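Keep in mind that what you see is a predicted model, and the values were worked out from it rather than measured.
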Amino acid sequence: MNTSLNTLIFLNFRRLELTLKHLISPMDFTIEETNDLLALAERIKDNPDKYAHVCDGKKIATLFYEPSTRTRLSFETAMINLGGQVIGFSSAQSSSAAKGESVADTIRVISCFADICAMRHPKEGAPTVASQFSDIPVINAGDGGHNHPTQTLTDLLTIKLLKGDLNNLTIGLCGDLKFGRTVHSLINAMVRYSNTRFVLISPNELRIPDYLRKEVLDANNIDYLETDELEKNMPDLDILYMTRVQRERFFNEEDYVRLKDSFILDEKKMQYARDDMFVLHPLPRVNEISVSVDKDPRAVYFKQVQYGVYARMALIMKLLDIKEP
Ligand code: CP
């Protein structure tokens with residue numbers, strides 16, 4: 001082989017090697033990559049001390065243009081648990097976005113400070129724009145009503161740990177299926193597993209967007225039912241994924257008030273569920289799950305929060321290409 005061809009192959013290899021990996025949508029990872037990541041999260045859960053220094057000297061920037069409790073603090077905890085450090089802002093108002101700085105310019109700046117970043121933004125597509133201008137991996141921590149891929153990794157890990165398998169499950173999604181980005185991401189992720197069935201429980205006005213029905217469910221021949229009846233469908237479910245009605249995405253308060261309490265899961269409704277059904281919720285909860293349900297062993301939404309830290313630790317390791325210690 002001549003020298004110039006060798007050089008070309010070497011340069012192309014380096015370019016491939018240097019291609020940055022981001023997580024913008026749950027579909028950015030293949031099902032094999034997703035399963036590997038969940039397996040890593042499980043190993044971290046079982047032996048956290050082993051991973052306590054794998055990110056020594058690394059920094060994550062949390063760029064949150066929208067409110068958050070779990071996602072931001074979970075990313076920060078994940079990086080600290082791995083030995084790294086945290087910088088960032090928790091609202092658009094406390095950053096130079098308030099002075100008109102673009103997402104593209106902000107990420108160029110952040111690339112000078114941090115090794116990886118997690119971005120939440122009210123506008124769909126903002127993390128995609130950031131990834132196009134970034135020198136560091138960008139993680140979508142929720143963009144408008146679009147996607148929330150790290151909540152999906154959290155949900156998949158929770159389901160895997162509690163049910164033992166991600167195949168052959170009937171998943172009920174209940175509440176605001178129109179604006180709930182966690183629902184959209186979870187549907188996208190679960191259609192890749194075998195024999196998934198969805199029961200989509202919502203008021204008529206808050207049904208899933210058309211593109212999900214046509215391009216994801218119908219296109220993949222997925223078995224699903226759209227209904228406004230919760231009790232009747234409870235006995236069929238392996239998982240019930242409750243969601244709040246997303247007040248911040250409504251155009252008028254009147255509609256929100258009319259729809260906000262469409263479904264309230266209480267102890268009486270839980271009697272219709274099987275003993276091995278689990279209730280998940282991405283949180284925050286408003287009214288949609290009565291606090292009296294919290295003591296039911298099938299209510300696992302706080303456990304789900306803890307699993308979210310392991311999922312994000314695994315994700316940070318994957319995107320920074322940190323080898324298993
Ligand atoms: N589940 C979730 O995204 O919660 P936060 O809005 O508190 O981050």
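Nearest heavy atoms, L73 versus T77: O-OG1, 2.6 Å. Considering all non-hydrogen atoms of both residues, D115 and I136 come closest at O-CB, 3.4 Å. When all heavy atoms are compared, the tightest approach of N188 to M27 is O-SD, 3.5 Å. Taking each heavy atom of L315 and T150 in turn, the nearest pair found is CD2-CG2, 3.5 Å. For the residue pair I201 and D228, the shortest heavy atom distance occurs at CG2-C, 4.3 Å. In terms of heavy atoms, F64 sits closest to A141 at CZ-CB, 3.6 Å.
Note that OH of Y307 is 7.5 Å distant from CG of L157, once rounded to the nearest 0.5 Å. L38 CG to L40 CG: the interatomic distance, rounded to the nearest 0.5 Å, is 9.5 Å. In this structure, the separation between SG on C117 and CD1 on I110 is 7.5 Å, given to the nearest 0.5 Å. Note: T182 OG1 to L186 CG = 7.5 Å, rounded to the nearest 0.5 Å. Taking CG from L230 and CG from L237, the interatomic distance works out to 8.0 Å, rounded to the nearest 0.5 Å. Atom-to-atom distance recorded for E288:CD and C174:SG is 9.0 Å, nearest 0.5 angstrom.
Using a cut-off of 4.0 Å between Lys/Arg side-chain N and Asp/Glu carboxylate O, K295 and E267 are scored as salt-bridged. Here E101 does not pair with R108 in a salt bridge; the nearest charged N to carboxylate O distance is not below 4.0 Å. The residues R207 and E226 are annotated as salt-bridged, a charged nitrogen and a carboxylate oxygen being separated by less than 4.0 angstrom. Ion pairing between D294 and R285 holds under the 4.0 Å rule for side-chain N and carboxylate O. Salt-bridge formation is detected for the pair D238/R274: a Lys NZ or Arg NE/NH1/NH2 atom is positioned less than 4.0 Å from an Asp or Glu carboxylate oxygen. Using a 4.0 Å cut-off between charged side-chain N and carboxylate O, D46 and R43 make no salt bridge. Electrostatic pairing of K160 and E42 counts as a salt bridge here, judged by a charged N lying under 4.0 Å from a carboxylate O. Of the charged side-chain nitrogens involved, at least one lies within less than 4.0 Å of a carboxylate oxygen, so that R298 and D296 count as a salt-bridged pair.
The backbone N or O of K178 sits less than 3.5 Å from a side-chain atom of H184, completing a donor-acceptor pair. Looking only at distances, a side-chain donor or acceptor of Q304 sits under 3.5 Å from a matching main-chain atom of H281. Side chain of D143 to main chain of G125: a donor-acceptor pair is present (N/O by atom type, distance under 3.5 Å, no hydrogens or angles). Using a distance-only test at 3.5 Å, with no hydrogens or angles considered, no donor-acceptor pair links the side chain of D105 to the main chain of S102. In this structure, T71 contributes its side chain and S68 its backbone to no donor-acceptor pair below 3.5 Å. Looking at E124, its side chain does come within 3.5 Å of a backbone N or O of G145 through a donor-acceptor pair. Using modelled atom types, one side-chain atom of T30 and one backbone atom of E33 make a donor-acceptor pair closer than 3.5 Å. Distance alone, capped at 3.5 Å, places no donor-acceptor pair between the R120 side chain and the L63 backbone.
Contact annotation: the side chain of L240 never approaches that of L280 to less than 4.5 Å [non-hydrogen atoms, C-beta and beyond]. Between D28 and K21 the shortest side-chain heavy-atom distance does not fall below 4.5 Å. Side-chain contact between T34 and Y193 is present, with at least one heavy-atom pair separated by less than 4.5 Å. Between V103 and M119, the closest side-chain pair of non-hydrogen atoms falls below 4.5 Å. Residues Y51 and P325 have side chains in contact (heavy-atom distance under 4.5 Å, counting atoms from C-beta outward). At a threshold of 4.5 Å between non-hydrogen side-chain atoms, the residues M234 and M270 count as touching. The shortest distance between side-chain heavy atoms of V279 and Y301 falls below 4.5 Å. Side-chain atoms of T62 and S90, non-hydrogen and from C-beta on, never get closer than 4.5 Å to each other.
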Kindly determine whether N147 and S185 satisfy side-chain hydrogen bond (donor to acceptor under 3.5 Å, both in side chains), including the steps that lead there. CA-CA 5 Å; N147 265 316; S185 287; 2.6 Å; yes

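Paired with L217 under the rule side-chain contact (heavy atoms from CB on, under 4.5 Å), one option of L212, L200, D223 passes, and it is L200. Shown are L225, V191, L177; of these, the side-chain contact (heavy atoms from CB on, under 4.5 Å) with F198 is made only by V191.
N233 and E229 share no donor-acceptor pair across their side chains, judged by distance under 3.5 Å alone. Side chains of N195 and N167: no donor on one and acceptor on the other come within 3.5 Å. Between S131 and T128, the side chains place no donor N or O within less than 3.5 Å of an acceptor N or O (distance only, hydrogens not considered). Between the side chains of D218 and Y224, at least one donor N or O lies within less than 3.5 Å of an accepting N or O.
Sparse packing is recorded around NZ of K303, with 12 or fewer heavy atoms of other residues, nucleotides or ligands lying under 6.0 Å away. Heavy-atom contacts from other residues, nucleotides or ligands closer than 6.0 Å to CD of E324 number more than 12.
Under a hydrophobic-cluster definition in which Ile, Leu, Val, Met, Phe, Trp and Tyr are linked whenever side-chain heavy atoms come within less than 4.5 Å, directly or via other members, V54 and I80 are assigned to the same cluster.
R312 forms a cation-pi arrangement with F75, by the criterion of a distance under 6.0 Å to the ring centre and an angle within 45° of the ring axis. For K318 and F29, the positive end sits near the middle of the six-membered ring, less than 6.0 Å away and at most 45° from its axis.
Ring geometry for Y65 versus H121: interplanar angle of 30 to 60°, hence tilted.
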